[in-house]
Amino acid sequence: MGMLRGIDAAASGMIANQARQEAITNNLANVNTPGYKADDSVYRSFPELLLERIHDTSNVAGMPAFPGGRSPIGQLSYGVYNQELVPNFVQGSLVETGKPLDIALSDENLAPVYVQQNGTPIPPGQVRNGVPPQGARQVQPKIFFAVQTVDEKGQPQVSYTRNGNWTMDANGMLATPEGHPVLGANGQTVNLRALLGGLPLDSKNLQVTGTGQLIVPGSTAPPVQLRLVKINNPDMQLVKQADTTFRYTGPAGQGQPPAYNPAVDGEISIKQGFIERSNVDAGRSMIDMLNVMRSYEANQKVLSAYDTTLQKLNEVGRIG
């Protein structure tokens, strides 16, 4: 049984390394994808077991043998598994493109907030002298754009992204490269063609303000406010749907994240003609990939050693 446990532990390590290798490969494939957030692989150990030797017998000289108590041997681990992939929401660097529909968010100056265990933010009045209520934890909020996608059943839903590399589709609507409509403050799609009123699309005719409004200088058309949301704890409240879009899973009863409010949440920077690059560190990812390969090979050698030992035991046990 001990040998079979060793095989299970080595095999679980290989499976976990394979999952991590796939995550690293996907990160490297998206190193040039605007707004992409790298996935970090989280390992967990299977529950450990306490081994004990039972049915011991006493071997005192001159006395008959009789059952003894249990003797602890030690702990046994059944290996590790890849529990989940957690996106890393660290700000990516901003790169200037000069395109009128490239918009980047920079929110590194947002102040951290305290939240309860379920993710509900704690009002500032309850944080006295910098000490939050018991059980509270500090998180770093992030700002996201809102886009319209479809769920597994083909029904429309609101998703969130940092990818501001946009375009105008055939119907004159503001959309992502995948064709998802970008949403305004009231949840409506943005009709660029109507906003421009026949003017050509360039940075002179279409401008983006620091609060996320689309305006046409000299035009009587009302400005369009982009929908910006503040997510206090994106690590726990967002689930990755595609490479750059996320689904919100906030506190119970809160179907959508709150809108970003500059007066309350603090100032951010919205830059037209820029994109936020992927936050993948290509050099670090290559090092991690080599480490994963070495770990996989080590587990493979362990399995090979067990296999050789079992073959020898099988040969010894043959009759004739």
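Heads up: numbering here begins at 1 and tracks the sequence.
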Answer whether the closest heavy-atom distance between the side chains of [X] and [Y] falls below 4.5 Å.
{"X": "Lys230", "Y": "Val264", "result": "no"}
{"X": "Leu206", "Y": "Leu101", "result": "yes"}
{"X": "Pro200", "Y": "Asn205", "result": "yes"}
{"X": "Asp107", "Y": "Arg162", "result": "yes"}
{"X": "Tyr160", "Y": "Gln256", "result": "yes"}
{"X": "Leu238", "Y": "Phe144", "result": "yes"}
{"X": "Phe145", "Y": "Leu105", "result": "yes"}
{"X": "Gln207", "Y": "Pro217", "result": "yes"}

Would the number of heavy atoms belonging to other residues, nucleotides or ligands and lying under 6.0 Å from [atom1] of [X] be above 12?
{"X": "Met173", "atom1": "CE", "answer": "yes"}
{"X": "Lys204", "atom1": "NZ", "answer": "no"}
{"X": "Asn261", "atom1": "CG", "answer": "yes"}

Between [X] and [Y], does any side-chain donor sit less than 3.5 Å from a side-chain acceptor?
{"X": "Asp102", "Y": "Thr97", "answer": "yes"}
{"X": "Ser159", "Y": "Thr149", "answer": "yes"}
{"X": "Thr176", "Y": "Glu178", "answer": "yes"}

Report yes or no: does [X] contribute a side-chain atom to a donor-acceptor pair with the main-chain N or O of [Y] at less than 3.5 Å?
{"X": "Gln188", "Y": "Asn186", "answer": "yes"}
{"X": "Ser295", "Y": "Asn291", "answer": "no"}
{"X": "Gln148", "Y": "Pro181", "answer": "no"}
{"X": "Asn17", "Y": "Gly13", "answer": "yes"}
{"X": "Glu276", "Y": "Gly92", "answer": "yes"}
{"X": "Asn88", "Y": "Asn279", "answer": "no"}
{"X": "Arg193", "Y": "Ala170", "answer": "yes"}
{"X": "Gln91", "Y": "Lys142", "answer": "no"}
{"X": "Thr167", "Y": "Pro177", "answer": "no"}
{"X": "Ser304", "Y": "Gln300", "answer": "no"}

For [X] versus [Y], what's the shortest heavy-atom pair and its separation?
{"X": "Lys37", "Y": "Val90", "answer": "NZ-O, 3.1 Å"}
{"X": "Gln272", "Y": "Pro100", "answer": "NE2-O, 2.9 Å"}
{"X": "Ser285", "Y": "Leu28", "answer": "CB-CD2, 3.6 Å"}
{"X": "Leu94", "Y": "Ala104", "answer": "CD2-CB, 3.7 Å"}
{"X": "Leu85", "Y": "Pro87", "answer": "O-CD, 3.7 Å"}
{"X": "Val158", "Y": "Ala146", "answer": "CG1-CB, 4.2 Å"}

ask   = Hey, mind stepping through Gln237 and Val139 against side chain to side chain contact (heavy atoms under 4.5 Å, CB included) and telling me if it holds?
value = CA-CA 11 Å; Gln237 296 177 341; Val139 295; over 6 Å; no

task = List the steps and the verdict of side chain to side chain contact (heavy atoms under 4.5 Å, CB included) for Arg247 and Asp151.
result = CA-CA 10 Å; Arg247 175 171 53 87; Asp151 59 17; over 6 Å; no

Interatomic spacing from [atom1] in [X] to [atom2] in [Y] - rounded to 0.5 Å:
{"X": "Asp243", "Y": "Asp39", "atom1": "CG", "atom2": "CG", "result": "8.5 Å"}
{"X": "Ile231", "Y": "Tyr248", "atom1": "CD1", "atom2": "OH", "result": "6.5 Å"}
{"X": "Thr189", "Y": "Leu174", "atom1": "OG1", "atom2": "CG", "result": "9.5 Å"}

request  = Report yes or no: do Val190 and Ile143 belong to one cluster of Ile/Leu/Val/Met/Phe/Trp/Tyr joined by side chain heavy-atom distances under 4.5 Å?
outcome  = yes

query = What's the verdict on side chain to side chain contact (heavy atoms under 4.5 Å, CB included) for Leu214 and Leu192, showing C-alpha distance, side-chain angles and the deciding distance?
reply = CA-CA 9 Å; Leu214 303 180; Leu192 284 180; 4.2 Å; yes

message = A cation-pi test, strictly: NZ or CZ of Lys240 under 6.0 Å from the centre of the six-membered ring of Tyr36 and no more than 45 degrees from its axis. Yes or no?
response = yes

